[in-house]
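Small disclaimer: the values here were computed from a predicted structure and weren't measured. Each chain gets a letter, A, B and so on, in the order its sequence line appears, and its residues count up from 1.
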2 protein chains.
Amino acid sequence: MTAPRRESSSSAKGEQTRQLIVNTALRLFRERGYEATTMRTVAGEAGLSVGNAYYYYPSKQHLVQEYYDRAQELHDAAARPVLDRETDFEARLHGVLRARVDTMQADKHFAVGFFRFAADPQSPLSPFSPESAHARELSIALYAEAVRGAPGVKMPPELRDALPELLWLYQMGVVLYWVHDASPNSAKTYALVDQTVPLVVKLVGLARYRLLRGIIFDLLDLVRELRAPPS
Amino acid sequence: MTAPRRESSSSAKGEQTRQLIVNTALRLFRERGYEATTMRTVAGEAGLSVGNAYYYYPSKQHLVQEYYDRAQELHDAAARPVLDRETDFEARLHGVLRARVDTMQADKHFAVGFFRFAADPQSPLSPFSPESAHARELSIALYAEAVRGAPGVKMPPELRDALPELLWLYQMGVVLYWVHDASPNSAKTYALVDQTVPLVVKLVGLARYRLLRGIIFDLLDLVRELRAPPS
DNA sequence: CCAAATAGTTGAACGTGTTCAGACACAGGC
DNA sequence: GCCTGTGTCTGAACACGTTCAACTATTTGG
């Protein structure tokens, strides 16, 4: 968790330049969008040469990774009040998911621009990639906390163990919808969240009963089996 | 349906050149992959200038659209035997979905290369885009036929109406998994299909009963509401 | 304090998708 | 036989992300 995430240059000078570059880049992304922001512009605005920017970040996409990490921190912060206040599972899940959409929504105009990298399995920006492991684990941990802090909800232990990751997948689905959602202020995505959270909670509750128990367990087996090799 | 899908040039000469370009391009995609195939190479191999290729296809991505259409035709053909033979819903659905994976699998090495365009909501190659409407409708029609030809399966009429599109979305999910699936011969994707098809069929059957009926109807309302504006 | 190694920096150059001003071809009217 | 317009075609040029050989600054070891 506290392992060094930088592959080179822990010196003060290097770290400073590194921050300068990424801050300039993220500012320009916000101002002009991802496509319209040129590596030459980033370097120029930061008072550096293009080659120098590439000394710190091996590609334009890697600048986006930093954005992901910061977005995850914002999500954590935005979800905190709900997690500290509520004990009802539905309220907690709803709060965490809404917080996700809220934090993304602020940057929608440019975040959609590099979403396509996230969908590319080859890209380090894929949420399933090793490079994204840090942000992914933090995100799953948030859902684990949402489940843990709701003692009232009853479910089979197998489901309880797998639930955080399943909820993270559910979040990925919401994000996928959000990216395609052109409604004003992403109203449809909020509607999706508002209406699917009760359904998910209901399903979790129903998982104890015979009719669904079989299906749910089949699904859990499937997820275990189809996971990526590393885990 | 029979509306003209070409925006210009219905003359014999033009259509010929157009075909030459796309055939060359698809051959090179297959031989070298999408990235490694240059517009200069395509033009060169076809004996044309770069500018000429752009006269017929406004971008490299548009060449991929043609691939999509052909892949859909292959899927139709591959699913035909099962649809003509089987009357059991599960067998029909399984056959159609397996046929989809089979036809994609043949081109996996390069198809994954331009999948990221499909995930980009802005791209004409998105399965939800107007440009993809033709292939999308054909694909949904295939699932409609899978449902229609299985008289044995009982379900509420509202579900029956919505089911083809829901199954198409299910297929999109399978494709999404397939793209990320690095197992030999996409064995895991086949496992996913083999194990989720019975679950889906079971769920459809259960939709008549009180416990699930409410949830299913909520979901149907949601899908209706959250669809893209055009419909 | 010097030299050698390492860290940091530069800008020209490469290959890419795409654009564009102009050249060519061929039809139909006069 | 020309003129005019429209469809076809050309290759140089552009902007972009990225690479690289060369250079300078800084740190480290003796």
Write down the distance between CZ (A/Arg32) and P (D/dA15), rounded to a whole number of angstrom. 15 Å
Roughly, in whole Å, what's the span from NE2 in A/His62 to P in D/dT18? 10 Å
Establish, with yes or no, whether the OP1 or OP2 oxygen of D/dT8 is under 4.0 angstrom from a side-chain nitrogen or oxygen of B/Thr17. no
Check whether the ring centres of A/Phe114 and A/Tyr67 lie less than 6.0 Å apart, and answer yes or no. yes
B/Tyr57 six-ring centre to B/Arg18 NZ/CZ under 6.0 Å and within 45° of normal: yes
From CE of B/Met39 across to P of C/dT18 the rounded distance in Å is 7 Å
Please state how far atom OH in A/Tyr57 lies from atom C1' in C/dG8, giving the value in whole angstrom units. 15 Å
Counting only heavy atoms not in B/Asn185, do more than 12 sit closer than 6.0 Å to its CG atom? no
Does A/Arg80 pair with A/Glu145 as a salt bridge, N-O distance under 4.0 Å? yes
Pick the nucleotide of DNA chain D nearest each of B/Arg40 and A/Val50; which residue has the one closer to the 5' end? B/Arg40
Counting just side-chain N and O atoms, does B/Tyr55 come under 4.0 Å of either OP1 or OP2 of D/dC9? no
Tell me whether the NZ or CZ atom of A/Lys60 lies within the 45° cone about the ring axis of A/Tyr34 and under 6.0 Å from its centre. yes
Is there a side-chain polar atom (N or O) of A/Ser59 under 4.0 Å from OP1 or OP2 of D/dG17? no
For A/Thr37, answer base if it contacts any base atom (sugar-phosphate contacts may also be present), sugar-phosphate if it contacts only those atoms, and nothing otherwise; contact means non-hydrogen atoms under 4.0 Å. sugar-phosphate
Whole-Å distance separating the CD atom of A/Gln16 from the P atom of C/dT9: 10 Å
Touch class at under 4.0 angstrom, heavy-atom based, for A/Ser49 against every strand present: base
Between atom OH in A/Tyr54 and atom P in C/dT10, what is the gap in whole Å? 15 Å
d(CD, B/Glu35; P, C/dG15) in whole Å: 17 Å
Among C/dG17, D/dG17, D/dC9, find the nucleotide with the atom closest to the side chain of B/Tyr56. D/dC9
Below the 4.0 Å mark, does C/dG8 have OP1 or OP2 next to a side-chain nitrogen or oxygen of A/Asn52? no
Please report, rounded to the nearest Å, how far the C1' atom of C/dT9 is from the CG atom of A/Leu20. 14 Å
